[in-house]
Structures are given as structure tokens and as C-alpha cells.
Amino acid sequence: MTAIEPIADIGGLHWAASHRCPNGGDAFAVRLPSMTAVTIAFHGGERRAEHEQLRLHIGTAHRLIFLGDPQRVVRGEFIDCRRDSATRRQRVSIAFRPDSGKVLCIPAGVAHAFSGLEQLFVVDEPALYLPDVASIVRDGLETTVD
């Protein structure tokens with residue numbers, strides 16, 4: 001994988017190489033590239049429909065590392081809801097396998113949902129972009145998709 005691997009049809013949505021190093025055998029230590037707060041979620045053993053619901057974070061970009069059985073297939077759905085984006089209203093579906101060697105980068109304003117997260121850990125390193133509330137009201141944000 002190259003350092004940045006774009007995901008077709010949505011600007012800014014891409015895979016990037018993660019910072020990891022060998023930790024003996026087939027294990028790796030995953031190093032986060034910054035000192036910002038992270039969330040680590042374990043998605044249990046049951047199918048959980050709430051992860052399949054589309055989520056839109058207006059002021060948060062996400063860097064996600066999926067950890068677990070490399071044979072599991074995870075599916076992601078994405079819709080660009082950014083008003084001034086060249087790829088506005090574009091919809092993308094991808095299938096991938098957990099891999100500590102790559103990070104999924106989701107820009108703020110791109111709605112997303114995942115299925116197949118059962119028995120996986122997801123490390124989320126969010127970047128907060130908190131715009132002035134008046135600009136959100138003035139400029140608007142596309143929140144519905146035809």
C-alpha cells in the first residue's frame with residue numbers, strides 16, 4: 001500500500017499507512033502518530049444494527065484502525081454531505097479486512113456506517129474542527145440524500 005490510497009468518488013476519503021512496528025511473530029505494536037485523545041471500542045459478539053446506521057460528524061474527521069481477525073470482511077458506506085465539495089452527494093461502498101497496517105481517514109462532513117464489526121476493536125483518533133455556529137447556520141450542510 002502506498003502512503004495514501006484514495007477511495008474513489010469522495011474527496012479526502014482515503015487509506016493511509018499506520019505507524020506500527022513488529023512485536024514478535026505475527027504481532028505488531030500500533031503507534032498512534034499524535035498525542036491526541038483516542039477512543040478504542042470493542043464491538044462484542046452480536047450483530048449490532050446501530051453501527052450500520054449512517055452517522056454524520058459535522059466538525060470531526062476520523063482516523064480509524066480496525067483490529068481483529070484478518071479474515072473478517074467489514075463493509076463501509078459513505079456519503080459526501082459537504083456543501084462545497086466537488087464530490088457532494090457521492091455515495092461509496094467498500095469492503096475491507098482489518099489490518100493494523102492501515103488507517104481509514106474520513107473527512108468531517110462525510111457520513112459513514114459500518115457492518116461486520118463483531119469481535120473487532122476499532123481505534124478512532126478524531127480531529128475536531130469546530131466551526132463558528134453562525135457559519136453552519138449561514139452556509140448550511142447537506143443532511144438528506146435523495
Side-chain angles (χ1 to χ4, degrees), residues 1-21 28-146:
M1 183 178 81
T2 60
I4 295 179
E5 181 183 321
I7 296 173
D9 299 327
I10 294 184
L13 180 64
H14 65 275
W15 288 105
S18 74
H19 298 87
R20 71 177 190 173
C21 57
F28 291 91
V30 177
R31 300 178 325 183
L32 299 174
S34 71
M35 297 298 290
T36 60
V38 299
T39 301
I40 301 173
F42 178 69
H43 292 281
E46 298 178 16
R47 184 178 176 103
R48 300 186 61 181
E50 67 264 19
H51 299 299
E52 297 176 15
Q53 295 174 357
L54 206 56
R55 297 172 186 218
L56 174 62
H57 303 278
I58 297 170
T60 309
H62 294 274
R63 294 175 44 85
L64 304 175
I65 301 173
F66 298 85
L67 305 171
D69 180 358
Q71 298 307 310
R72 173 168 301 278
V73 175
V74 177
R75 298 191 186 288
E77 301 285 331
F78 307 89
I79 301 172
D80 191 346
C81 298
R82 299 170 292 179
R83 179 177 215 120
D84 296 326
S85 173
T87 57
R88 180 176 176 220
R89 295 187 179 173
Q90 292 294 316
R91 180 179 286 231
V92 173
S93 298
I94 63 171
F96 58 93
R97 298 183 187 280
D99 181 353
S100 64
K102 59 185 185 177
V103 178
L104 178 61
C105 302
I106 305 171
V110 174
H112 54 278
F114 297 99
S115 62
L117 295 178
E118 301 82 28
Q119 295 296 315
L120 296 183
F121 285 94
V122 179
V123 179
D124 182 1
E125 182 185 19
L128 299 177
Y129 302 99
L130 301 176
D132 176 51
V133 174
S135 70
I136 294 173
V137 172
R138 180 187 69 239
D139 299 336
L141 182 71
E142 185 78 23
T143 58
T144 59
V145 177
D146 297 331

Atom [atom1] of [X] and atom [atom2] of [Y]: how far apart are they, to the nearest 0.5 Å?
| X | Y | atom1 | atom2 | value |
| --- | --- | --- | --- | --- |
| D124 | L104 | CG | CG | 10.0 Å |
| T87 | I79 | OG1 | CD1 | 12.0 Å |
| R89 | R82 | CZ | CZ | 14.5 Å |
| Q119 | R72 | CD | CZ | 7.0 Å |
| H112 | H62 | NE2 | NE2 | 4.5 Å |
| S93 | F78 | OG | CZ | 8.5 Å |

> Is there a side-chain contact (heavy atoms from CB on, under 4.5 Å) between Q90 and V110 once you walk through the steps?
Replying inline: CA-CA 10 Å; Q90 292 294 316; V110 174; over 6 Å; no

Minimum heavy-atom distance [X]-[Y], with the two atoms named:
| X | Y | value |
| --- | --- | --- |
| C81 | L56 | CB-CD1, 4.1 Å |
| C105 | P107 | O-CD, 3.8 Å |
| I65 | D99 | CG2-O, 4.3 Å |
| T60 | P126 | CG2-CB, 3.6 Å |

> With V122, which of I40, T39, L117 fulfils side-chain contact (heavy atoms from CB on, under 4.5 Å)?
Replying inline: L117

>> Consider side-chain contact (heavy atoms from CB on, under 4.5 Å). Of L120, I94, L64, which one does F114 pass it with?
In response: L64

> Got more than 12 heavy atoms from elsewhere within 6.0 Å of CZ, R97?
Replying inline: yes

> Angle class for the F121/F42 ring planes (parallel below 30°, perpendicular above 60°, tilted otherwise)?
Replying inline: tilted

